[in-house]
Amino acid sequence: MSDPVTKPRRRVPRLGFVLLLGLVLAGCASDAELDTLQPRSGVADEIYDLALPVFIIAGVVLTLVCGAVLYLGIKNRVATYEGDDEFPEQISHNNSLEIAWTIAPAIVMAVIAVLTLQTHFSINSTEANAMTIEVAGETVEWEPTIVVVGQQWWWEFRYYLDGTQITADDLENPWDLPPADIVTSGQLAIPTGEEVELIVTSRDVIHSFWIPQLNGKRDAVPGRFSPWKIEADDPGVYFGQCTEFCGLSHSRMRMQTIAMTPSDFQDWIDMQMAPASFDDELQPYVDAFRAGEPATVPDDASAALRGLDVFAGQCASCHLVNGFNDLTYDGAETVSGSAPNLTNLMSNTTFAGGILNLYNPDGSFNRDDLARWIRDPAAVKDNRADDLPDGEMPRGMPDRNLTERQIDDVIAFLETLGSSPGDEIILATEVE
Amino acid sequence: MATATVDTALDTAHEDHGSSTGISNTKLAMWVFLGSECLLFGGLISTYLLYKTRRGPGPTNLAIPTDVFDIPFTSVSSFVLLMSSLTMVLALSALTRGDNAATRTWLLATATLGGVFIGGQVYEFTTFLREGVGFTSNPASSAFFTLTGFHGVHVSMGILMLMSLYVASVQGNLTPKNTETVEIVGLYWHFVDVVWIFIFTVIYLIPA
Amino acid sequence: MAIIEEPLALETGSPGTVDQPLGMLTRPKGGNGWRDWVSTVDHKKIGIMYGVAAMFFFVVGGIEALLIRVQLAVPDGQVLSAGLYNQLFTMHGVTMVFLFIMPLAAAFANYLIPLQIGARDVAFPRLNALSFWIWISGAVFVNSSWFLGGGADCGWFCYSPNSGVTFSPGNGVDFYVFGLLIAGIASMVSSINLIVTVLNMRAPGMHLFRMPVLTWMLLVTQFLLVFALPVITVALFLLMFDRLFDSQFFNPEAGADPLLWQNLFWIFGHPEVYIIILPSFGIISEIIPTFSRKPIFGYSFMVFSGIAIGFMGWGVWAHHMFVSGIGPMSVAAFSLSTMFIAVPTGVKILNWLATMWGGKLRFSTAMLFAVGSIAMFTIGGVSGVTHALAPADTQQTDTYYIVAHFHYVIFGGGVLGLMGGAYFWWPKIFGHMLDETWGKVHFWVMLIGMNLTFGPMHVLGLQGMSRRIDTYAAGFGFEAWNMVATIGSFVIAFAVLIFFVNVYRSYKAAPSLPAPGPDPWDARSLEWMVPSPTPEHNFDEIPVVESEDEWWHRKYGYDEDNRVVRIATIEEAAQDGSAVGVHLPAPSFWPLVVAVGMPLIAYGLMFTLWLTVVGGALTAFGLYSWALEPVDDPDADHGHGDGHHGDGDDDHDDGGDTDEPTMAGVTAGDDAGGE
Amino acid sequence: MSETVTETPAPEAEDHSHDHPSDWAYIKIALVLGVLTGLETFTYFETVLDWGDFLIPSLLFMMVIKFWLVATWFMHLKFDNSIFSRMFVGGLVLAVGVYVIALATFEFWER
Ligand code: HEA
Ligand code: HEA
Ligand code: CUA
Ligand SMILES: [Cu+2]
């Protein structure tokens with residue numbers, strides 16, 4: 001018999017594992033805003049507390065198995081069978097041993113199972129926790145519930161504040177949701193210390209809503225309204241990313257949750273709910289538009305007014321600005337039937353699915369990126385919105401082929417929509 | 001060239017180790033195939049069950065198959081298919097006896113009954129279409145047509161096989177040595193029948 | 001159709017009449033040119049073709065992976081566009097799963113099952129060829145998408161409604177649908193074939209519980225395939241109807257539920273992952289005893305745990321849907337069922353360790369791969385358990401932590417195991433050894449490479465890096481580990497290159513080295529009793545099996561102290577492959593013709609209908625000619641003897657019918673037509 | 001993989017060709033099948049007889065009987081090698097199990 005194994009040599013089989021250990025230990029980077037190992041809320045803590053011991057059990061099992069492999073590999077190793085007619089004892093089975101190591105893992109798993117069930121039902125339960133807020137001067141009891149709607153490739157958040165608790169049962173059709181008091185995009189504002197219920201759905205494909213430091217994820221499935229919850233212990237900004245593959249720009253579908261103290265949250269509500277105010281120059285145009293008799297805008301009008309005109313012609317078919325086109329608005333001309341509501345655009349700090357900053361770190365308005373976006377959205381974020389075959393609805397925002405001047409104008413108009421949330425938030429929400 | 005009947009195959013099985021279990025390869029393959037077909041039809045049936053009341057978008061209330069079911073009619077076609085199973089076993093039994101004429105009669109009867117069933121299905125489909133339940137109307141109707149369509153295709157393939165048997169018989173090529181072939185075609189045929197037994201009850205009779 | 005075949009087959013006693021049924025293709029004769037390969041029905045040649053094709057697609061899928069890694073090496077990678085990236089990871093997943101690892105396992109199954117159970121071929125040799133050709137035409141079809149408008153870009157699980165025409169208007173998804181349907185037909189036919197082979201073609205005395213563990217695991221795999229494939233077939237048909245004929249299965253606006261697809265896909269998909277791993281488990285179970293000089297520990301537990309894994313694999317699919325919004329009760333139930341799959345798997349791991357316990361371990365390359373595979377699989381296995389906790393999975397799902405999990409089980413457990421199998425059976429298949437030194441370098445580079453690549457993904461995932469993103473922003477702490485992973489992937493590529501170089505060098509060096517003989521490793525199962533490479537007829541004489549590890553027991557016995565003593569040398573115990581006149585099934589071109597029609601049908605449905613007509617005609621013509629072609633070919637010169645071996649039948653999906661009793665065991669010269 | 005295939009008994013036990021049922025037995029079975037189908041159809045005309053809560057169980061019961069009759073007699077499972085039954089019943093049980101669970105995840109059974 002020929003023996004092919006002729007040159008036995010000592011090896012360093014540990015290398016792989018040493019490396020691996022190093023990798024795991026180095027796990028926690030400091031600026032890791034998406035880190036699942038840095039929970040910042042009760043729910044996330046619970047998940048973490050469940051996962052941690054299981055990571056340890058896994059590590060122990062792993063060490064035992066790999067340790068045994070190494071031990072046996074070193075101890076029982078022979079260089080060759082050449083000339084060796086001595087066979088080891090031919091043990092073929094040992095039933096009690098087999099039963100033992102069938103039962104042992106089963107017991108371990110049973111323990112883990114109990115812990116899992118506890119956590120599972122705990123994080124899937126909700127508590128009744130109405131909070132008092134003021135809406136348009138009236139005090140209402142509000143059980144924090146926010147409808148979260150995914151679409152290609154941004155998130156919409158809908159607040160129903162009138163005190164009547166909205167539940168999944170009230171919602172039938174994600175394409176035709178009841179009008180909400182506040183509609184925002186990309187940034188979810190919540191009060192701290194409150195358990196906020198989320199009702200997650202989608203208008204086109206499946207997305208997944210995930211703010212790692214606050215809770216695990218929940219898929220946004222079109223046609224389904226899935227309950228989920230979120231809470232934050234401390235004020236702050238928590239980053240998220242859509243995690244269900246949703247087509248072309250899935251990677252650029254991000255979001256943030258901004259947790260504020262209840263009083264700050266009240267201020268935020270007030271800011272969002274403030275009736276649209278157009279300045280004296282814009283108001284007549286708005287009135288005419290709403291009356292169905294669009295006015296013409298002279299060339300020497302202010303940039304904002306010219307921008308409003310551009311907006312009416314180029315953007316209003318998709319974007320809603322409360323107080324301006326809400327009478328004529330009939331859903332966006334997109335596959336999802338929706339585009340971000342721009343009523344309070346400037347109160348956001350990021351836009352376009354959380355990938356661009358609306359403000360510079362110094363608090364000044366980031367005109368450049370907004371212009372870049374309007375000039376050619378697809379260059380910033382891949383989409384399918386331009387040069388479509390007949391009948392195909394755009395996915396994402398199309399390039400409206402505006403001139404540079406029109407872009408400047410429309411930005412001037414957009415700048416009038418809502419007000420800046422303040423430097424602190426601008427700094428905390430800074431992306432990229 | 002050894003072409004043996006089932007029986008000789010069984011007899012010789014252990015002498016030449018042709019088969020460790022003493023059963024025929026082809027028949028075993030057929031049964032495994034039928035086992036897997038259960039999962040195919042199971043998937044289609046579950047899809048239908050899940051969707052049977054989904055009428056489609058908005059308040060338009062499009063018609064769904066359960067609105068237009070004609071139970072008496074379907075009962076008759078179910079009965080026809082069921083009886084084709086009887087004629088199928090009779091064909092096999094006739095062949096085992098070596099009664100070629102009877103074999104042919106029963107084969108033809110089976111294929112004809114199958115044909116009647118398919119005819120009934122075509123009729124049913126066209127009626128449904130006329131009543132506004134089309135393949136693309138809503139999830140319920142898509143699922144219905146897909147399920148019954150898959151079944152219909154199976155029946156049609158069975159008819160093809162039966163007709164081939166018939167032709168072979170006419171040419172004098174179907175002899176008691178071929179009982180296994182007929183038996184296997186029969187297995188397929190009966191399977192298609194039991195699937196319909198299931199469909200008839202679960203899809204048609206149990207109200208939505 | 002075989003009904004028609006039978007009488008004609010009888011007529012073939014008069015030579016020449018039906019030899020060329022339609023005068024189109026000459027009945028292939030035995031030979032060694034390309035014709036021989038394309039017309040072969042020999043399970044060994046088919047196995048080799050599966051193996052070669054699978055390795056080709058490994059390189060294809062690997063290059064796709066390398067492109068992915070290059071794009072992700074740094075934040076805001078600019079190498080690939082988002083669209084291309086999405087196609088690449090989809091095609092990477094599809095290629096690796098359906099075109100690499102499954103066919104590689106099929107290669108082992110085809111080559112080894114008949115040998116391990118002491119048979120001359122599979123139950124239906126021509127169907128076997130058909131499976132291969134259908135699979136390869138499906139594989140080529142899927143990859144042709146690169147030249148016809150781009151590959152599928154919906155991910156390998158291709159969730160609806162993103163996979164519908166509205167959101168995926170191109171042809172990519174159609175390629176996915178038809179490609180998987182075609183490949184599915186192939187696997188279906190082949191798994192039925194192999195099940196019948198194992199159940200029915202065993203040598204005398206080869207009871208089911210004497211079969212090698214590998215054969216057992218492959219049998220379980222075939223059952224998983226036979227029952228899982230119909231489920232994805234349903235899903236694919238529904239998707240196809242939606243895309244081509246406007247049905248409403250996955251249109252949420254019409255009230256359809258996208259989770260239907262997910263359920264159907266994962267009812268298939270989870271058994272699928274065990275389809276991937278079980279062959280490797282089987283291979284490891286052959287290698288470890290051989291190089292421990294001990295029988296496998298707890299044979300029956302090994303077998304039953306394999307069956308248990310296969311069985312339990314059916315009750316866990318929704319662990320891929322923990323966050324999809326199925327109710328909390330469903331989630332809880334599936335979470336529990338998933339956890340307990342660790343139990344039978346653990347039994348396997350521990351039994352391997354027990355086999356090594358007290359053994360004499362010789363670390364040949366095959367053994368290194370087997371042992372490495374155990375360790376790497378365990379890493380993936382325990383991370384699998386951490387996903388099984390539904391609450392924890394809400395953090396992990398769709399992150400790189402999952403990517404790490406499944407590459408550890410698939411690459412670590414599956415690919416390393418199969419690689420070990422390649423080193424182990426190479427001499428049996430090709431008649432020469434692979435170089436061991438190169439082999440060991442291959443192993444270590446691959447092991448290091450895979451840990452470098454997939455190890456960091458654990459960290460990335462827990463740090464919150466999502467899957468299937470074509471870029472990531474700087475500042476989340478992803479940069480360093482992505483770079484490491486990318487470097488690692490090139491280390492793997494280097495290891496694969498080492499393997500290819502080894503194959504080439506060993507082939508060149510073979511003539512000047514001593515022949516390995518029938519049993520170079522002092523192994524245990526029947527395939528080692530025939531010469532290397534395996535003669536066309538496998539066994540000179542079908543062995544009569546008396547025990548588990550039959551071949552080993554023909555070499556070794558026990559003395560009065562119960563110590564192992566040699567009772568026969570390999571040369572004495574082995575067969576010399578000299579039998580003549582063994583009947584072998586005759587080659588045929590028709591499987592190829594039938595298979596080629598299928599992608600044409602699909603192209604036609606996608607582009608112009610007339611291609612469908614052509615493809616359908618070709619397939620029908622192939623089937624018809626197949627039916628008319630006599631199973632046996634009295635004229636042909638078959639080298640060792642002529643073939644006589646009932647081929648099953650012709651038609652995969654009408655369930656077919658034939659009356660040929662299968663006579664795989666017919667031994668030398670017991671029938672007319674021999675030499 | 002739902003069943004363990006164990007060694008099947010020696011082929012002597014398989015030589016069943018002689019105890020195939022007679023044609024008359026088949027016809028009797030078909031009669032039973034026919035009657036059951038008639039009964040099933042009968043349930044549709046609720047006015048004749050109100051089945052109440054028994055409707056679905058009895059429909060399912062009749063279905064199972066029919067299924068069983070065809071499988072055991074017409075398909076010979078009763079007489080043939082038990083390995084065939086294992087293959088078929090394996091697929092059948094698996095299918096029923098899996099799809100019942102799958103529908104349960106859609107809360108189908110609660111409706
Ligand atoms: C070869 C393929 C393979 C194998 C064998 C496995 C094995 C397992 N897998 Fe894996 N899995 C995949 C391939 C595989 N998986 C793939 C491809 C995906 C992703 C699909 C996609 O989304 O694209 C996936 C995803 C996946 C998920 C979904 C994650 C998500 O998307 O959210 C889950 C969740 O439960 C899971 C769990 C498991 C478990 C519990 C096992 C168990 O079988 C593991 C059991 C083994 C061990 C546990 C180790 C040995 C045991 C012992 C030594 C005993 C002692 C152990 C303990 C007490 C813990 N897998
Ligand atoms: C069998 C299964 C299998 C295998 C073996 C692999 C192997 C590899 N995979 Fe795999 N992977 C999957 C199955 C597999 N993968 C699946 C199912 C997915 C999910 C897809 C989805 O989300 O839809 C996935 C997803 C996936 C991702 C995530 C993509 C994303 O979510 O965005 C990544 C990222 O790094 C990755 C990397 C790799 C790498 C680096 C390898 C390496 O191991 C590859 C090694 C091989 C080579 C490098 C080829 C070597 C050869 C050469 C280069 C030789 C040179 C050529 C000549 C001389 C001709 N894979
Ligand atoms: Cu939205 Cu991914
Ligand atoms: Cu799984």
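Throughout, a chain's letter reflects where its sequence line sits, starting with A, and its residues are numbered from 1.
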Would you say the side chain of [Y] lies within less than 4.5 Å of the side chain of [X], judging by non-hydrogen atoms?
| X | Y | answer |
| --- | --- | --- |
| A:Val205 | C:Ser163 | no |
| A:Glu98 | C:Val347 | yes |
| A:Trp210 | C:Val323 | no |
| C:Asn162 | A:Glu244 | no |
| A:Ile206 | C:Trp261 | no |
| C:Phe476 | A:Glu33 | yes |
| A:Met109 | C:Val385 | yes |

From [atom1] ([X]) to [atom2] ([Y]), nearest 0.5 Å:
| X | Y | atom1 | atom2 | result |
| --- | --- | --- | --- | --- |
| A:Ile47 | C:Asp393 | CD1 | CG | 10.0 Å |
| C:Arg293 | A:Glu86 | CZ | CD | 9.5 Å |
| A:Leu34 | C:Leu460 | CG | CG | 11.5 Å |
| A:Tyr81 | C:Trp521 | OH | CH2 | 11.5 Å |
| A:Leu50 | C:Leu389 | CG | CG | 5.0 Å |
| C:Asp398 | A:His250 | CG | NE2 | 7.0 Å |

Would the distance check show the side chain of [X] and the main-chain N or O of [Y] forming a donor-acceptor pair, the cut-off being under 3.5 Å?
| X | Y | answer |
| --- | --- | --- |
| A:Thr36 | C:Gly464 | no |
| A:Arg395 | C:Phe167 | yes |
| A:His120 | C:Pro328 | yes |
| A:Asp382 | C:Gly83 | no |

Give, as side chain, backbone, both or neither, the part of [X] having an atom under 4.5 angstrom from any heavy atom of chain C.
| X | result |
| --- | --- |
| A:Leu72 | both |
| A:Glu392 | side chain |
| A:Arg203 | neither |

Which residue out of [options] racks up the most heavy-atom pairs below 4.5 Å with chain C?
| options | answer |
| --- | --- |
| A:Ile103, A:Ile112, A:Val108, A:Leu64 | A:Ile112 |
| A:Met393, A:Lys75, A:Gln152, A:Met253 | A:Gln152 |
| A:Ile123, A:Val61, A:Asn124, A:Leu117 | A:Leu117 |
| A:Pro227, A:Ala51, A:Ala58 | A:Ala58 |
| A:Ala220, A:Pro222, A:Ala110 | A:Pro222 |
| A:Val43, A:Ile355, A:Val335, A:Leu115 | A:Val335 |

Shorter than 4.5 Å, heavy atoms on both sides: which option in [options] has the most such pairs with chain A?
| options | answer |
| --- | --- |
| C:Gly155, C:Gly358, C:Ala474 | C:Gly358 |
| C:Ala392, C:Gly346, C:Ser324 | C:Ser324 |
| C:Ala342, C:Cys154, C:Ala354 | C:Cys154 |
| C:Ile469, C:Leu361, C:Val564 | C:Leu361 |
| C:Thr471, C:Val382, C:Leu350, C:Val331 | C:Leu350 |
| C:Gly461, C:Pro391, C:Ala473 | C:Pro391 |

What part of [X] is in contact with chain A, defined as an atom under 4.5 angstrom from a non-hydrogen atom: side chain, backbone, both or neither?
| X | result |
| --- | --- |
| C:Tyr159 | side chain |
| C:Pro169 | side chain |
| C:Asp257 | side chain |
| C:Gln396 | both |
| C:Phe89 | side chain |

A:Trp101 ring center within less than 6.0 Å of C:Phe301 ring center: no
Around A:Trp175, counting heavy atoms of other residues, nucleotides and ligands shown, do more than 12 lie under 6.0 Å from its CH2? yes
A:Phe121 atom CZ, over 12 foreign heavy atoms within 6.0 Å: yes
Take the angle between the ring planes of C:Tyr401 and A:Phe55 and call it parallel below 30°, perpendicular above 60°, tilted in between. perpendicular
Ion pair check, A:Asp84 and C:Lys360, cut-off under 4.0 Å: yes
Only residue of A:Lys217, A:Arg254, A:Gln241 satisfying side chain to side chain contact (heavy atoms under 4.5 Å, CB included) with C:Ser466 is A:Gln241
